Each structure stands twice: as C-alpha cells, then as structure tokens.
Asker: 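What follows is a structure written as structure tokens; I'll ask about it next.
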Amino acid sequence: MKGNMILLLPVVLPVLMGAIALGGKGFRGNRPLLLGVVFTGLAGGLLSTLLAVTGEAKLRLWQLTESVEIGFQLDGVGRFFAVLTVVVWFLAGLYSVTYMTHEEDESRFFGFYLIVLGVLIGLDFSGNLITFYVFYEMMTLTSLPLVLHERSKEAVSAGLKYLFYSVAGAFLALFGIFFFTAVLGDLTFVPGGVAEAASFRGKEGVLLTAVFCMVVGFGAKAGMFPLHGWLPTAHPVAPAPASAVLSGVITKSGVLALIRVVFFIVGPEQIRGTWVQQAWIFLSLLTVFMGSMLAYKEPVMKKRLAYSTVSQVSYILFGLSLLEPTAFVGALSHVVFHSLVKNALFLTAGAVIFQTGWRKVEQMRGLGRVMPVTLGCYTAASLSLVGIPPASGFISKWYLAQGALSSGCGAWTWIGPVILLTSALLTAGYLLPLTINGFFPGGDFDGRELEERKLLGKEPSWQMLLPVLLLSAGAVIFGCFPGPLLRMLSEIAETVL
Amino acid sequence: MASHLLYNIEETVAMILFGIGFTMLLLHRNLIRKIMGMNIMDTAVYLFLAAKGYIKGRMVPIVTDGILDASAYMNPVPSGLVLTGIVVSVSTTALMLALTIRLYERYHSLDLDQILIQVKKEEGS
Amino acid sequence: MLVQNFPFFSIVLAMFSGILSSVLNGKQARNVSLGVIGSTIIMSAAVFFWCLGNGESYTYMMGHFPAPWGNEIRAGVLEGLTALLFSVIMLLSVLGGMRHTFEDVEPSKVNLFFIMIDLMLSSLLALIYTNDLFTAYVFVEINTIAGCGLIMIRQKGRSFSAAIRYMIMSQLGSGLFLIGLTLLYDVTGHLLMSPAKETVASIEAAGRYEIPMLVILAVISVGLAIKSGLYPFHSWIPYTYGYATPTASAILSGLVSKGYIFLLMKIFYRVLGQENVIASRMVNVLFLFGLAGMIMGSVHAILEEDTRRMIAYSSVAQIGYIYMGIGLGTESGMVAAVFHMFTHSATKALLFISAVGLYEVSGEKKDFRSLRGAGYRNRLAGVGFTVGALSMVGFPMLSGFISKLLFATSALQSPHKMMLTLIGLAVSTVLNAIYFLRLVITLYGRAEQVAVKGKQRCSFVFGGAIVCFILLNLFLGLMSQPVVRAITEGLEMFD
Amino acid sequence: MNQILLCVPALLPLAGVMALLISGIFGSRRETDSGKDLMEKYLFWYVAALTLANSLVLWRLILWSGEGESLVLFRLYGELKVMFCLDKMGKVFAGVISVLWPLAVLYSFEYMKGEKRKYTFFSYYLMTYGVTAGIALSGNLMTLYLFYELLTLATFPLVLFPMTKDALKASRRYLYYSIGGAAFAFLGLVFVLTFSITGNTAFLPGGILDLGRANSRRNTLLFIYLLAFFGFGVKAVVFPCHRWLPLATVAPTPVTALLHAVAVVKSGAFAILRLTYFSFGTEFLLGSWAQWTVMAASMVTILYGSTMAVREAHWKRRLAYSTISNLSYILLAASMMSSLGLAASLCHMVVHAFMKICSFFCAGAVMHQTGKTYIYELDGLGRKMPITFGCLTVASLSLIGIPMFAGFISKWNIAGAAFACGMEGLERFGSWGLLPFGAVAVLLYSALMTAVYMLTVVIRGYFPQISRQAGGDLSRPGARQNTPDIRQGNLDPGWRMLLPLVIFAAVIIGVGLHSQPLTEFLMVIGGEGA
C-alpha cells in the first residue's frame, strides 16, 4: 500500500456508514439516529472528496492477482466527476429525508445509497482500468437494491432487466479488458492512451472489435443503443431520489468509462477514422433521436424523464465520439448540466408524486397552483435542457455542434448538428407542455377538485424544495457564467487529445 | 471337373449325403427326422472314411496267411475310426431318442416348434 | 516321472469314478465326485508346475505304439494351467450349486448327476490333453452327452426342450468337426497332431491342396464355433444355460464352451499351423463374428428380462471377445483370448452361482426386477454378483480388466483391425455396463415388498464357494503377470 | 516412511469403512433405541476422526513431501503399476479435498440427522474421500484410472441413497455414463502405455509420448485422445456426456455438493489435465484438430450449461447445470494447451470447488430447514436465513466473476490464457486461432447467464415480490401494512451447517482479495506442465 491514504477516505467513509445503516438493528423506529448516520456519511463523503481532490495523489492498494492491481490516481477527469457526484448525491440525499417517509425499509435505502456513493467515488478515483472495472461492477450491484426498492412486480422485473443489461454490458467491456491486458499488460490510465500502434500489428481486427465491445458494453450504462432498454424501465420504478441519481449520475459513469477507455487506454488516434468511430457516432446519434422520440410519446412523467436521459446522455457520447477537443469540452460540460438538470427534474417529479400521487403528465394540469415554486424550478431546468440561451444547455450544445462541424468526420459533420437540433426541439416538446399546462391550465380547467383534495399551495417541505432549487439554479447559473468550467474542461481536453 | 467327381464317386456321394443329413438336422422340425438326418450325416462320414481306407486290390487287414508286408493290406485305421464313430453315433442317437420320447410323452408332439410353443405356455401359466 | 502319468491318470480316474458312481447313492456319488475333482486339481497343478519348471512339454504314449500310429497325450504348461483352472472352477461350481442340485434333482437321480459331472470332467481333461484328433472327436461327443445329461437332469419340460436343442446344435457342430477331421485325415494321413502338422507344413510348402485345406479349416472352425456358441450360432445358449440347475449352468457356460475353444486353438497351433490359419482369411471371419457377438450378445442381454438368460447372453458376448482375440491373428491376441477364456470361466461361473443365491431369497422368479433388494437379503451372493459383474465390465483389479487390457494392447499390433477392435471393446463395455450394472443396482435397490423370506443364511459351502470365486477373480486381476507369462510360454510350446 | 505415507490417504478411509461395515453388520442386531443413539454418537466421532486424520496426513504430505517420492503398491500387469506420487498438481487437488471434506462431513452430520441408514451414507462418504485422495495421489495413468473407476463405485450408492424411483434412475444413468466413459478412457490408457517413451504410464510434465513413434500415427493418436477426453469427460460433464449430473441431484445435498460439484466432477477434470499435460503432452496436441475439437466441445458445454441453468427452476438442478458449465471452464482453459492454460484451469478448479460447494450447501440448508427446493418458493428467505443467504450471495457473486471475489481471479486467468493462445494461434495456425477469442466471448456470455441464474435466487431471497393489490397504490404510505412480516423467526441452521458455509464464503473473499500465492504456485505447475 503506497501513496496518499486520503484518497481512500471518501470511498471508505460512505461505504462504512452505509454498512452501519444496513446492518444496525437499532434504527427501526429511531429515525434521527439513522439520519445522523446517513448525513455523517454524506457530509463526510462530500468534505473528504473536496479535501482529496485538492492535491495530486496516487495510491496503490494491493494486487488481486499478478496482473490485477487495485490502485487510485487523481486526475482532471476524476476530480471533475467526483465533485459532481458527491454534490449531487448530497442534495438528493437531503431530498430523500422527507421523500423516504412514505417508503418502507428506509435503512436499506439509505444504506445502499451511501454505499453507491462510496463506490462511485472509487470509480472516479480509479487509477487503472481494472480498478475501474471492479468499482463499475460493484456500482451495478450496489445500485440494484435501489431499483428493487419497491419490491413490486414491476420493480423486481425492472431490477432484473437492469442487472441483465448492466452485467451484459460490463462483460462485453470485460472482453476488451482481457484483450488489453493480454496485449499491454499494464492498464494504468495515461492521458492520450497507453496503446501504441506497434503492439497491435497483425491484430488490428481484434483490437477494433475489442474497442467496439467496450464502447457498446460501457455504453449500456450510459443508455446507448442497443443496450438502452433497461433505462426507461429501471429508473422510474426506483424511489424518486434514487431515480434522480441513477439518471443523473450513474449514467455518467458509463460516460466516464468510455472516456477512460478511449482517451486514457486506447488513445483516440487508434480509432480515429475507423469503422469503430463511425459506428459509435451512428449509435449515439441514433440514440439521441430515438430517446427524444420515445420521450415525446411517453405519458408517464418519470418514464418520460428516463427516455430523456437516454437521449441526453447520448449527446455526451456523441461529443466524445467525435474525438475532437471542442466537442469533448461540450460533452463534459453537458455531463455537468445534464446531471444537474435531470436531478432537478426527477426530484420535481418525485415531489409531485409525494404530494399528489400524480404520475402521468396529463394528470398534472394546474400543477402551478399546487406547487408553484417547484414547477418554476422545473421550468428553469427544462429550459436549460432544451438549450435556450443563456441557460446552460445552450453552452454545451453549442460546443457540441461546433465540435461536430470542425471534426472532419465526413457526413457526420452536418448530420450531427441537425439531429441535435431536432432533438432539442423534441426536448422542448416533451418537457414544456407540463409548464404550460401547469401554469396555464386553460379556461376549462376546474380547480375545484384541487381544492377538495386540499392540494392548493401545497409545496413540499424545505428538505425537498432546497435541493430542487439549488440544482435548477445551478443549471441556470452555469449557463450564465460558464467561463471557469469551460477553462477547466479545455485543459483536460488538451491533455487527452 | 465332372470326371473328377466321377472318379471319386464314393467321396462325392458321401459329401452329398452329409449335406442331406446336415440340412435335415438343421432344418427339419420333426425330431425323428432330425435324428435320422443326424444318422445320415454320420453315415456319410463313415462312407467317406471307408472309401478313403479302401485301397483297390488289397486285402482286409487281418493277418491270416502270414503275409506281414503292410503293402498287402488296406489301411486299417479308417475302419477302426468308423467303428468308433458308429459307437459314438449310436449312443448319441440313443440319447436323442430318449429325449424325444420324454418330450413326446409330455407334449404329445414331435414337432420341435410345437413343443417350444407349449413349453412357453407352460412357463407362462 | 510320476507326474507325467498324471494327465492320463486324471482322465481315467474321472471316467472310472463315473462308472463307479452308477452303483452308489447320491451322497456317495457326490463324495466320489468331489474327491476326483480335488485330486484332479492336485494332479493338474503338479503337471503345470512340473512343465513350468522344466520349461518344456511332453507327450505321453498310450499303449505301445509310437508316434505315427498310437494314441498320445500331450501335456505342457498351457494344458496344465487350463486343466488346473477348469478343475478348480468345476469344484467351486459343484460346491456352490450343491444345495440346489439336491433340490432340483430327483433323489434317485442324484448319482446320475454326479456321473455326468465326472464324465464332463473326464472329457474336458481329455479335450485339453489329447494329442489325437479322433480322440478329441470322441471326447467331444462324450462331452456333449454329459452336457445334455446335465441339462435334462432337472426333468422339466423346459429342460428337455433345452436339451434337445443343445443336442441338435451340438450334433451339427460335431458333425462338421468330424467331417473336417476326416478330410484332414484324407489329406495328411495322420490323426496324431504332431505328424499331421508336419505333413500340413509340407503340403503348404508345396502349395498343394489349397482349397481342401481351406475347407478343412472352415469346417473345423465352424463346427467348434457352433459348439462353443459363437454369435450367429448362439441360439441354443440362452435356453441351455438359462434353465439348467445352477451347477450345470455354471459348468456349461464356464467350462464346456471353453473346452471347445481350447481344442480349436490347439488345432490351429498344433495341426494346421497358426501361420497358415492367419494366412487364410478364416481369422478375419472369426474376428468379425467375434466382434458381432460382442455387440449383439450384449444387445440381446439388454433386451432380456430374465436374469439367467441375461447372463447367458452375456456369455455370447464374452465368447465373442475370445474369438475376436483369436481373430486378431497375433500371438498377443491369442494370449489375450486364452486369458479371457480363464477370466470368463471364473467370472461366469461366479455369476451363475451367486445369481442362484439371490434367487433363493427372492422367490425364484425369473424377472430380474424380482431381485430388487436381494443384495441385502443375501449379502455374500450380492457381493459375489457385483464382483462378477464388475469383472465383466472390466473393472481394474479384477480379471476382466486384464483381459480387456490384453485385447487392447494386442489390437495395437494389428493395424487393420485396431480401430475396429478398440471401438468394439469400448462399445461392448458400455453395453455390458448397461445390463450388468442395471442388475447390480436392482440388487441394491429398495425392495417394494420384502419378497419371500427364504433361508436367509446361505450355507457355509455356498459362502465358501463364492468367496473362493471372488478370490480367484482377484487373483487373475492382480497377479495376472505370471498367468500371462505361463500362457505365453504354453503357446510357444504348442509349436 | 514418507513413501509409505503416500498410500495412507487413499487406504485409510477404505480400511475405516471396512471396519465400519463389519461393525455395522454386528451393530444392526442391536435394535434398541438407546443403543442406536449411542452408536450414532460413536459414528460421528469415528467418521470425524477418520476424516480429520486423513486430512492431516494429506497436509503432512502436501507440506513436507519431496518431489519425486513415489510408492509402488503393486503391479497389476507388466508396467501397469499402482503407484502413488504427490507432485505439485496433485497437491493442489489434495489440498482442496482435504479442506472440503472435514467441513462437508461436519455439515452432513447436521443434514443427515434423522435420516435412516446413516451407516451406509457415511461409509460411502468416507470411502469416497479415500478414493478421491487416491486420484490426487496417483502417480500414473493406470492408478488414476483405477481410482477413477473406484470413484464411480463408491459414489453410486450415495446417489442411490434415497432409494426412490428417481434415485434409481439417476444412479443407473450415472453408472452407465461413468463406466461407459471409463471404457473409452481405457483406450487412452492403452495407447499411452504403448506409445510411452518411458515404457510405463507414470506422469511426467510435458507428456510421455514417444514423439517419433507417435507422429507416425498422429491421427489415430489424436482420435484416441479425443475418445479418452470424452471418456474422462463423462465425469467432468462435457456436453454430450452430461446428462447424468442434473439427475444425480436427487442425492442428499452433502453428496451433490461435495461429490457432484467437487470430488467427482473435479476428478474428471483432473484426469483430463493429467491426460493432456502429463501423458499426451501439449507438444503433441498443440495446434492439432483434437485441440480445436476439445476447445469447441467445452465451449458448447459452457453455452449449454449456463443456458439450461437459467431455464431450470429446481434449485439444485440449476446449480448442477451451473456445475456443467463451470467444469467446462476448467476444460476450456486446459484446452489452451499452454502453461497459462494449465494454471488457469487449476485455478478455476480450486476456486470453483469453494464457490459451488458453498452454493450447494446453502441450497441444502434451505432444503433442510424449510423443505423448499424450487426457486420460486424462496421468496423472502433472505431475511429469515441471513447467514445462509449472505454466504449464498458471496458465492453467487464469485460465480459470476465479480472482482474482489475468487471467481474473478480464475476467470481472469482463463481469459488471459485464451488470449495468449489466440494471439499465438493467429500467427501459427491461421483462422483456427480465432477460436480462443470466441472462447472468451463464450466465457462472458456464460458469466452473464450466471448472473441471471444466481442473482435471481439471491434477489428473490432478499426482495420478495409484493403483488400490487387491485387498485392499490404502492406509493401511498401504509399501502403495504397488510403484507406479512417477513422478518419473523430466524431459520438459519445450526452451527454445524453454518460453520462450513461461513468458512467457504471467507475463503472465497480471501482468495478474491489476495490470490497471489495461489496463482504463483499454479504458474509454477503451469510452467512445468507445458
């Protein structure tokens, strides 16, 4: 064990607290104690992460077997993702305090919620592909209970679907890992990739197949076609805070995986211009379009948001697949924005369910009278996602489009932006009707029903409202002042491309 | 070819007889005929042996007039074999006849197939 | 030397004791029989070890006529060994089936049974020792008659019909054998084996009489094959072995057929000349028939439900093995065949005897399912049967394994037949496993209702016989080296 | 002294069983209950003592026996000797069984409580120990073959043990398959003996074929190798010869767990390893059509086994199918015919033993405590049997090949071996070299299926489904008040069943986290073997 032990802290602390929450029997009926443990974990995770990311650090833990080393290593991408994760996690955790009162088995939820946090930070800090894979698998398994939480038939079958797709994806990726281990031996992340063309001579076909397997496999977590099927099923059945982080953060781990593989192991040069890149671009664009279309047609709120996630995460993948610095910056900034926005949206949807029990969009007419602040946040977040300037989505999409135009990828240079634009229109189409119907239910809307159910002005508690507010505010503010973020991302892009 | 057969007429006949006997023993269903076939078969062998032992122009190998030169006599061994063979065949014939009688007493039939069918019935009941 | 007289003496002793027994009652006849078999064992052992010590065989002149005319007995290592094993197995079979013998046979006819046993022993010994073809024929017939007597001694309709079938097939076989002999005599002018062989050698060297020699070979082979129950001529076997009294079944399947095979080998080696036999295509025919027998016998056995007929069909398969070994046409193939002859004698007798022990406690039904749980009711018989079955399947440490090994290794030396032999061996092992182990499992399955509570305790004699059989099997399995060496030496002495 | 010790592990249990059987014959006359109880108590101590003693002897041999020591017990025929010798590979196998057996005996004492005919059961259980130790210790192919056959005999009464119709059928099929397989393996023995450069069948790393002679009849020998592979493959449940195993799950769980997941099937795999690496030798087989056939066969088996496991609803049978596919992992690794392959296959042999026995024991614990045998009956048992299901979860994750668990290590090694083989193969054997890549794909497919068939069990245990009541809305607080409380009552079995489970789970995690000593040792063997 060599290196900076501080890296271990943000991983271990939440996991430990989670284990305590899971294992302790005294928490039944003693909610404050449980919440105490949970917030120790969350806050501890937040602080220690912030502490850890300040320095350069490396940590080699131990060898699983000769060629398998577990080790951490901090770099720009890792920091970026870790901070994002831990912040969003904290906010969603805050939200859960109220939300989880109407669910059973709180301690289990919180336990796994914390453990997943630890695992995710581990994922962000991973210093080599195998450590990454270890945490990736653990992430799948520990987030599974969150999906299964309700234990209804839908939840269980959705959980199994989630498991199946994730594991299938992970194993596809594992094929690539096996391959690279066999060829390269050491899989420590190096910006720009460790692979040299010389070592693949004669095996280019296998190399490209392996990379493709990894793209598709890790793409599963990011909801990329063809392994996207689990996402719209699994995200909505989880409790709202869980769906929020599943959609907002865990999908990003698929993105992170692809960044790690393509830019830190394989190296963009190896696949530039090959059929793998073409296929990757095609798949991501297809997913972008398909996700928006499906979201547009979906009546159930949370499912609609999940389809939206499918589409939005593939924006990011598209940005990555172009192998171009501007697009890369756009992609990474979209990671942040989408994360904030999607969390805000899911938390809103959760708040609606919590307060009114409405699940379908058409039920939500007149929502503006029930919870105006919440709906306001929703609107802000939606606008951001659609990409109306100056909200944040505009920035990322701008960069993406610009990157696409300058990438020199043949026809994709113009097909890409066109699809992005179409999809943005669809996004507006599926998100904004709620705002419109919520605030302006129209002349024929009968408010008496709301009165009867005593729903007027029924905003959720501050624990729920605050995260929503913060997240949507973040989405807007980042759009107004994107400078520092973009600078940081450009630095990262320079190192890897 | 035919002349060869004619020249060895005894052997030829013996072989034909053997064939007849063998076929009877093998194929006939009637037990008595089977036994007859067996006897024909044996007899054919004796005929063959006797034919082999007989040397034209020589005497029966019994020393009566003091001629001790072997070239004067026929080969005595086949005759001895025939005798032995007859003994053997008589005893087997006797045994088979005895068996046949027992079977006939029991099943009132000499047809082997019939007998076997009846035996099966007996077993079944 | 006194030992040199033993072969002749044992034959004559057995024959005379048969004659003597005709005036004794059953028990006395039994004692005489046992005594004779016992002394035969001792004498054969003496002959065997004497020959082994001397490293050569000898001929024993009967009467006062020297070689080309007189009648001779020849004893060598292989003869001694075969006689020894045969008499041991015979003793054990007689002992093992003793109680049944006295139950199955009418009291007034028990002495007849033992007369048949004595005659059987005498004829077997004569078949083993004789050096004269016609003597062989005579004893073949005596053997047939004795065998027939053993079958029909039970005095049931089944037994009679089985006996007459046996008789008919035997007569066909001995008829062919006889005509073969006669033809051989015609060609060579000799009945004694050694001079006949010399003549055959000169005839072959001169390249004459090719067709007659081939006919002789074919007729003799087919005749003896019919008598030993090689596959296409096997139809009498299940009837005969299946319905005789246990001792008789054991002896008939274990010894009688082997006697003929031994005679055939002897004729191959000592009269026709093994190289001539190999040069003719006859071995290939035997090989194919043997192979077919291996498979078909087992298939029949699988289809059979009656336990003893199953074991009988298994004999067809095992005889197929032996002929396959002969058919390989190599020295080692022949060794394997001889060894398997011993294996099969010991094992098949064990199987028949222990099957009887299992029957006793299961209500004497024929269907093998009635034996369910019999292994618990008569433990020793169960163990015996299991050992026998495993030996037949070729379980290591038991004799069957060694013969399988010998067959396989010898197959490697004849490239054309190698694959066929090996596959045949493997397939037939599988088939063997199917019917034998089905039985074994049945023996140790749970009985649905406890069948007839027969006499639970097996008699001492029966137990002893089973134990000795098992030991014999183990001996052949574990100490096979000296036996195989003796066989090899014996075969060399044949030339 | 050491030499004589070599035969002890094989013979001691056999002798013990003989004594037990003899005393059983006399003991059975005592019909009184108290006498029986007493006897049972003694039986426990007797069996436990013998098992432990045997394990100790094995460990004594593993730790302090020199290379090349051997003991010839007797000669069967010619150069066919029954010879014991403990080389490194034998040590691996011996080590595994010597750890598993005492624990399994402990487990079965609780499991078999209340069963009749304990004598029979434990006699054969003990006997199997001896026979399996014999396989591990055998110094030549002949001895291996002998014990391989004996293993069939010693284990079939255990399959027959329940004495039901199913058991009868299962044991019959087991016997036919095993003996039939041995008949083909026998051919391999004969050929190895004939073409051996040493004149006998003693195992030597790298094989003992006289390559000069062997190459002259290359195709015949390769064909025979295939026959022998499938012959031994019967016990290792290779595809066309696999049908006995799912049936054999009728046996009591300790039997299915230890014998049909470890001892018997591993013996088959072990025999194949011996045949491939120590008799025929990789030099002869590498790159031949036999290698590709063998590889393809194990790939087919993996696909088949893992797919069937998903379809199977009976828990133990599902595990049996899982065994089928996992055993072929071992064979798949072995079919790479390289040092990496040998090491990987041994690694999976060790690891799978622990994983599978742990899963089976969990299934057995559930059966024993609740009588439930089908997977759809397991709803919510995870809460009632926390320790059992905890161990099951560990075993399942390990079987899937999640990192940090032992299963990952072996899969890692297998895939590494396959890739190495494929890289080399592409250069040397053209398109055949693609097969190992396919093997990795198959491996991953199977891992996916494993996830499905193992985790569905675990998920059922922990997350019993709640069916939505008509019109009921799950999101409303209190909607599920009327669901039965699933936490009531702890159904975990007694310590004698739990202890082995916990130990196995601990081993799985331990190996998963720190496997270097094991893999290094295995690499040494691999380096010698090929």
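Bear in mind that the values here come from a model prediction, so they are computed numbers and not experimental data. Reminder, nothing fancy here: chain letters follow the sequence lines and each chain counts from 1.
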Asker: Could you give me the CA-CA distance, side-chain angles and deciding distance for C/Leu437 and D/Phe156, then say whether side chain to side chain contact (heavy atoms under 4.5 Å, CB included) is met?
Answerer: CA-CA 11 Å; C/Leu437 299 179; D/Phe156 110 85; over 6 Å; no
Asker: For the atom pair NZ (D/Lys169) and CD1 (C/Ile441), what is the distance rounded to the nearest 0.5 Å?
Answerer: 13.0 Å
Asker: Indicate the atoms forming the closest heavy-atom contact of C/Leu412 with D/Arg217, along with that distance.
Answerer: O-NH1, 3.9 Å
Asker: Among D/Leu153, D/Leu193, D/Thr194, which has the most heavy-atom pairs under 4.5 Å with chain C?
Answerer: D/Leu153
Asker: What's the verdict on side chain to side chain contact (heavy atoms under 4.5 Å, CB included) for D/Phe186 and C/Thr429, showing C-alpha distance, side-chain angles and the deciding distance?
Answerer: CA-CA 10 Å; D/Phe186 171 78; C/Thr429 307; over 6 Å; no
Asker: ring-ring contact (aromatic ring centres under 6.0 Å, His included) between C/Phe401 and D/Tyr145: does it pass, once the steps are laid out?
Answerer: CA-CA 11 Å; C/Phe401 175 73; D/Tyr145 178 78; 5.7 Å; yes
Asker: Can you tell which of C/Asn432, C/Val393, C/Leu405 has the highest number of heavy-atom pairs within less than 4.5 Å of chain D?
Answerer: C/Leu405
Asker: Take C/Ile402 and D/Leu80, measure what side chain to side chain contact (heavy atoms under 4.5 Å, CB included) needs, and give me the verdict at the end.
Answerer: CA-CA 10 Å; C/Ile402 302 293; D/Leu80 289 182; over 6 Å; no
Asker: Name the region of D/Phe223, side chain, backbone, both or neither, that has any atom closer than 4.5 Å to a heavy atom of chain C.
Answerer: side chain
Asker: Which atoms of C/Leu431 come close to chain D, meaning under 4.5 Å heavy atom to heavy atom: side chain ones, backbone ones, both, or neither?
Answerer: neither
Asker: May I have the step-by-step check of side chain to side chain contact (heavy atoms under 4.5 Å, CB included) for C/Met419 and D/Ile224, ending in yes or no?
Answerer: CA-CA 9 Å; C/Met419 255 6 235; D/Ile224 293 292; 3.7 Å; yes
Asker: What heavy-atom pair brings C/Pro396 and D/Glu149 nearest, and what distance separates the two atoms?
Answerer: CD-CG, 3.5 Å
Asker: Considering only heavy atoms, which portion of D/Leu160 lies under 4.5 Å from any heavy atom of chain C: side chain, backbone, both, or neither?
Answerer: side chain
Asker: I'd like to check C/Ile434 versus D/Arg172 (side-chain heavy atoms, cut-off strictly below 4.5 Å). Are they in contact?
Answerer: no
Asker: Tell me the residues of residues 174-185 of chain D whose non-hydrogen atoms fall below 4.5 Å from those of chain C, in number order.
Answerer: D/Leu175, D/Tyr176, D/Ile179, D/Gly180, D/Ala183, D/Phe184
